[in-house]
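Note sheet for the following structure.
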Amino acid sequence: SIPLGTPAAEALGLADPVIDFEVTPNRPDWLGVQGIARDLAAAGAGRFIPNDVKKVSGSFDCPVEIRLEAPDACPMFAGALVKGVKNGPSPDWMQQRLKAVGIQPRSLLVDVTNYISLDRARPLHAYDAAKLQGIVTARLGKKGEKLVAIDGKTYDITEEMCVIADDSGAIGLGGVMGGESTAVSAGTTDVFIESAWFDPLRTARTGRATGIHSDARYRFERGVDPEFMADGMELATQMVLDICGGTPSEPEIVGYEGYTPRVIDFPYAETRRLTGLTVDAPESAEILRRLGFGVGDGSETAPVSVPSWRPDVEGKADLVEEVMRIHGVDEIAPAPLESHGAVNEKILTTL
């Protein structure tokens with residue numbers, strides 16, 4: 001029994017701590033729980049648990065052929081088929097977590113894609129494989145095409161949009177929303193899981209043109225981690241197998257050419273030059289490593305490799321910002337502007 005006077009949230013099992021934060025457009029890694037956890041751990045709030053993805057062993061070759069016809073819009077695409085699944089409600093723990101962040105549970109196959117999108121900032125899409133006709137193709141739209149999306153609305157497709165299509169025509173807007181004709185349902189027994197990578201600018205333009213505000217669009221237009229494409233598909237496949245059974249295919253991966261990290265030569269003294277903070281080399285290197293950067297040898301300057309989930313880090317100043325915010329912005333001492341002992345002369349000139 002629950003003692004009288006127990007807070008309602010505690011009695012209902014809803015007393016989880018709430019972390020409320022604003023995500024700036026340059027930090028797509030913060031759009032997943034794991035990205036937030038990494039930063040909190042780097043700042044000293046607990047220990048980061050990587051949760052590496054294990055590869056699923058497929059029992060047969062993926063029967064769904066994938067073709068890329070617009071590499072500028074969709075340069076790579078991973079997919080896998082799971083046959084013999086039993087779709088239904090997702091487990092209570094998954095439903096509770098989705099509801100806690102404002103997502104209405106629908107069915108296991110849909111909830112898994114939403115869960116991984118929120119957990120790892122990796123949007124996915126699930127198709128009813130029995131409804132697919134022929135080759136699944138990522139291409140640009142054709143004039144006059146239309147799509148009935150999973151929100152029930154019909155959208156006009158332009159030649160600037162990236163679409164996912166099969167022999168029946170467009171079955172989804174790449175990076176924005178899937179179509180109704182191939183959507184999973186309670187009767188789905190074979191599911192094709194899509195994990196692709198879509199160009200951020202084209203995704204943003206498609207979203208604006210259609211007025212669709214989806215979680216997938218929100219993430220793709222800010223930049224999704226290209227290195228987690230195959231892992232996101234593997235993770236979804238494993239969750240589907242664990243919860244509703246089935247037999248997985250080998251993954252079908254098209255267009256992926258490997259990730260070459262950007263390497264920045266970082267002089268540790270740059271932090272003091274730009275911020276006035278003195279952060280020694282060992283602490284700077286440790287901060288960057290906790291944030292997922294690779295740090296090479298060097299007592300004064302070290303090569304720093306940028307992880308795939310940080311497209312915002314382009315130069316030395318960005319690394320200074322990383323060191324500064326984890327070390328503590330509050331450590332910067334306030335200092336008055338230097339006075340020259342005279343009133344400034346007029347700087348506005350007349351023409």
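If you're wondering where the values come from, they're calculated on a predicted model, not measured in any experiment.
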Within the side chain of [X], is there an N or O that forms a donor-acceptor pair under 3.5 Å with the backbone of [Y]?
X    : Y    : answer
E252 : G79  : no
W197 : V224 : yes
Q95  : S90  : yes
D156 : E145 : no
D166 : G134 : no
S117 : T113 : no
K131 : A183 : yes
T137 : R139 : no
S195 : M229 : yes
D318 : G315 : yes

Exercise for the section: Taking atom types as modelled, find out whether D265 and T301 have a side-chain donor-acceptor pair closer than 3.5 angstrom. Expected result: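 No, no side-chain donor-acceptor contact under 3.5 Å.
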
Problem - Donor-acceptor pair between D242 and Q238 side chains, under 3.5 angstrom - result: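 Distance-only check passes for D242 and Q238.
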
Exercise for the section: Over 60° means perpendicular and under 30° means parallel, so classify the ring planes of W93 and Y115, tilted if in between. Expected result: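 Rings of Y115 and W93: perpendicular, over 60°.
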
Practice task
Would you check, one step at a time, whether the test side chain to side chain contact (heavy atoms under 4.5 Å, CB included) holds for V136 with F77?
Solution key: CA-CA 10 Å; V136 171; F77 191 122; 4.2 Å; yes

Problem - Considering all heavy atoms, the nearest N87-S185 contact - result: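 The answer is ND2-O, 2.9 Å.
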
Exercise for the section: Please name the pair of heavy atoms, one in G172 and one in L147, separated by the smallest distance, quoted to 0.1 Å. Expected result: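 Here G172 and L147 meet closest at N-CD1, 3.7 Å.
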
When hydrophobic residues are tied together by side-chain contacts of less than 4.5 Å, even through go-betweens, does [X] share a cluster with [Y]?
X    : Y    : answer
M177 : F220 : no
V240 : I243 : yes
Y127 : I66  : yes

Practice task
Please lay out, stage by stage, how D72 and R202 fare under the test salt bridge (charged side-chain N to carboxylate O under 4.0 Å, His left out).
Solution key: CA-CA 9 Å; D72 289 344; R202 195 179 295 272; 5.6 Å; no

Exercise for the section: Report the C-alpha distance between L108 and V85 in whole Å, list the side-chain angles of each, state the deciding distance to 0.1 Å, and finish with yes or no for side chain to side chain contact (heavy atoms under 4.5 Å, CB included). Expected result: CA-CA 10 Å; L108 186 278; V85 302; over 6 Å; no

Handout entry: I49: hydrophobic cluster co-members (side-chain, 4.5 Å)
Key =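 In the cluster with I49 there is nothing else; it is isolated.
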
Handout entry: D297, CG atom: more than 12 neighbouring heavy atoms under 6.0 Å
Key =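 No.
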
Practice task
Look at D119 together with R97 and state whether they make a salt bridge at an N to O cut-off of under 4.0 Å.
Solution key: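 So D119 does not pair with R97 through a salt bridge.
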
Handout entry: Ion pair E234/K55, N-O distance below 4.0 Å
Key =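 A salt bridge links E234 with K55.
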
Handout entry: Stepwise side chain to side chain contact (heavy atoms under 4.5 Å, CB included) test for L319 and V313
Key = CA-CA 7 Å; L319 296 176; V313 176; 3.9 Å; yes

Handout entry: salt bridge (Lys or Arg N to Asp or Glu O under 4.0 Å) pairs, two or more places apart, involving residues 216-229
Key =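 Passing the test, one end in residues 216-229: R217-E221.
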
Practice task
Apply side chain to side chain contact (heavy atoms under 4.5 Å, CB included) to I171 and L132, showing your working.
Solution key: CA-CA 9 Å; I171 57 174; L132 292 173; 3.7 Å; yes

